[in-house]
Amino acid sequence: MAIISKSILSKRGLDKLKNKANELLSRTIDQHVTLAVTGLSRSGKTAFITSLVNQLINEGNGTKLSFFDPVHHGNFIAAKRVPQQHYHVPRFDYDAAISALTSEPATWPEPTHGISELRLAIRYQPKNSILKYATDMATLTLDITDYPGEWLLDLPMLKQTYQEWSQQTHALMTSSPRAEQSKGFLTKLTQLDPFACASEELLAELAQEYTALLHTFRYELGLSVIQPGRFILPGDLAGAPILEFFPFPGLDSLDGNDYQNAPDDSLIGMLRLRYLEYKEQVVRKFYREHFLRFDRQIVLADCLKPLNKGKESFADLELAMSMILESYHYGKSGIFSRLFSPKIDKLLFGATKADHVTPEQHAPMVALLNQLIHQNKHHLNYEAVQVKTLAIASVKSTNSGVSKHKGKDVPVIQGKTIAQPNATESSGIFGQKITVFPGAVPSQLPNDDYWQSNNFNFIEFAPLSGLNKQQCLPHVRMDQVLQFLLADKMI
Ligand SMILES: Nc1nc2c(ncn2[C@@H]2O[C@H](COP(=O)(O)OP(=O)(O)OP(=O)(O)O)[C@@H](O)[C@H]2O)c(=O)[nH]1
Ligand SMILES: [Mg+2]
């Protein structure tokens, strides 16, 4: 009897020890990735994060992740949402987004206006690494941050004085396609004495007008270069005086000394001061507090809408992409690496809404986005950053097939159009089902001839109906996204 209890005790003791050792080991081997998701407004960030989370937490329930090795090889165990890391950063509202996508009729999630965060704990079985000898189960903690791409458009301001920034912005505002809309505002500014004592009210009023112009550029003209980016996406800074400044024309014609000595309460002095504060307290702060802790980054771009809008909108996207890419310009001469020491080791470019086109157009979509990046690719230091481009649909909303047209097979997609505002079921335009060939995507940056001879008509579709919160959302290449961004941390 005494012998048996001794062996039970020692077995219990051994198990306890083993558990303790396992706990200690898994604590040391647990991995952590901070993934940042960005892109200009409406590029598809919320849909992307919602789909990524949905695919992982519902894995096994209709998942189509065959290109994601941990699932393909069977070492993915499960994922769940856990409390986020930073309590002062708003939570990414997964529940609202998934509820919208799975409601009847299904709708797209609401636009978001700032930064938000979500954390996932992903359990997996190490199979190939040395970890397999140490533990049966490891955890990858994934912190996902959603932030507006517009905030990256501000980086180039860090190297510009107020005078330089004013001149550059003025040049943009006096050329097509911004000139027409900007005329009234610029004329008003030229009537002001830059050295006169300025009131807070006047500054607030003019800044509001400038912000309204930026909204027109973005949402009516479909332009991408919006500076300062926070003016249209202020987050928690809405209404703060730090967002109340604007470019002032004709600074190059002022006497240099007069400009330098302008008192802080003069119009020009106040504008200059707020510009400097904006750079320090908003732009630099964002890089310091958030950007520097990101390990991996996905930049989403909707190239189809600017193609629909035309040549100038597309050219503006090109310029915006090059400004955004400054943040990944790690070469020795880049402003970024002189100011900060980032640690991003993988950078993925996603050409979003690939389900708006027929599948054979996905390769041209990738080629086109690559061309947009390519102009800047030589800046990216490939030794430090691994770069990939994919055409994706986070929430696939069309079905593709083949249709006969004049005896020929034509690739087509079928989906439900987005309900027009104020539409009713009886008006016929509420979620109409259509089958179309929406057009070919150019695989090169389109030239003048191209714009004259091609019309794009990429249609916005509503999400498919009948989706369920506990099931995986239909997608295009989200498994390849996961493979690139996470698989190497789960071996
Ligand atoms: N067909 C299709 N449409 C998509 C997809 N992803 C996004 N969209 C469309 O793009 C719109 C914008 O998507 P969001 O995910 O809200 O984009 P966002 O970048 O978060 O936008 P903001 O929050 O305004 O910055 C949606 O309302 C959809 O109309 C997709 O995978 N397929
Ligand atoms: Mg959003």
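Indexing begins at 1, ligand by ligand and atom by atom, following the structure's order. For the single chain, residues carry numbers from 1 onward in sequence order. Since the structure is predicted, the reported quantities are computational estimates derived from the model, not experimental observations.
- An N or O contact shorter than 3.5 Å links S394 to ligand 1 by distance.
- Comparing Y147, W108, F458, F461 against atom 4 (C) of ligand 1, the shortest heavy-atom distance belongs to W108.
- When only non-hydrogen protein atoms are considered, atom 30 (C) of ligand 1 lies nearest to V395 O, 3.5 Å.
- Between atom CZ of residue R119 and atom CZ of residue R91 there is a gap of 14.0 Å, rounded to the nearest 0.5 Å.
- The Mg ion (ligand 2) lies under 2.8 Å from an N, O or S atom belonging to T112.
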Apply ring-ring contact (aromatic ring centres under 6.0 Å, His included) to F294 and Y147, showing your working. CA-CA 12 Å; F294 301 151; Y147 71 93; 5.5 Å; yes
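- By the 4.0 Å N-to-carboxylate-O rule, R42 lies too far from E150 to be salt-bridged with it.
- Within ligand 1, counting atoms from 1 as listed, the ones closer than 4.0 Å to a heavy atom of P111 are 23 (O), 24 (O).
- Salt-bridge annotation for K353 and D302: present, with a side-chain N of the basic residue lying under 4.0 Å from a carboxylate O of the acidic one.
- Ionic pairing of E460 and K305 is present here: one or more N-O contacts between side-chain nitrogen and carboxylate oxygen are shorter than 4.0 angstrom.
- Considering T46, L40, T112 only, the shortest heavy-atom separation from atom 20 (O) of ligand 1 involves T46.
- Of the protein's heavy atoms, A47 N, 2.8 Å lies nearest to atom 15 (O) of ligand 1.
- Judged by a 6.0 Å distance limit and a 45° cone about the ring axis, K346 is positioned over the six-membered ring of F484.
- Note on ligand 1: S43 sits in its first shell, one or more heavy atoms being nearer than 4.0 Å.
- Closest heavy-atom approach to atom 8 (N) of ligand 1 within the set K353, R42, K305, K396: this belongs to K353.
- Salt-bridge check for R274 with E244: passed, with a basic side-chain N closer than 4.0 Å to an acidic carboxylate O.
- In terms of protein heavy atoms, atom 14 (P) of ligand 1 is closest to G44 CA, 3.7 Å.
- Under 4.0 Å from ligand 1, the heavy atoms of H356 that appear belong solely to its side chain.
- Relative to the six-membered ring of F217, R178 meets both conditions, a distance below 6.0 Å and an angle of at most 45° to the axis.
- Contacts of D355 with ligand 1, taken as heavy-atom pairs under 4.0 Å, involve the side chain alone.
- Counting protein heavy atoms only, atom 25 (O) of ligand 1 is closest to K45 NZ, 2.8 Å.
- For ligand 1, the atoms lying closer than 4.0 Å to a non-hydrogen atom of A393 are 31 (O).
- With sequence neighbours excluded, the residues that form a ring pair (Phe, Tyr, Trp, His ring centres under 6.0 Å) with W165 are F245, Y275.
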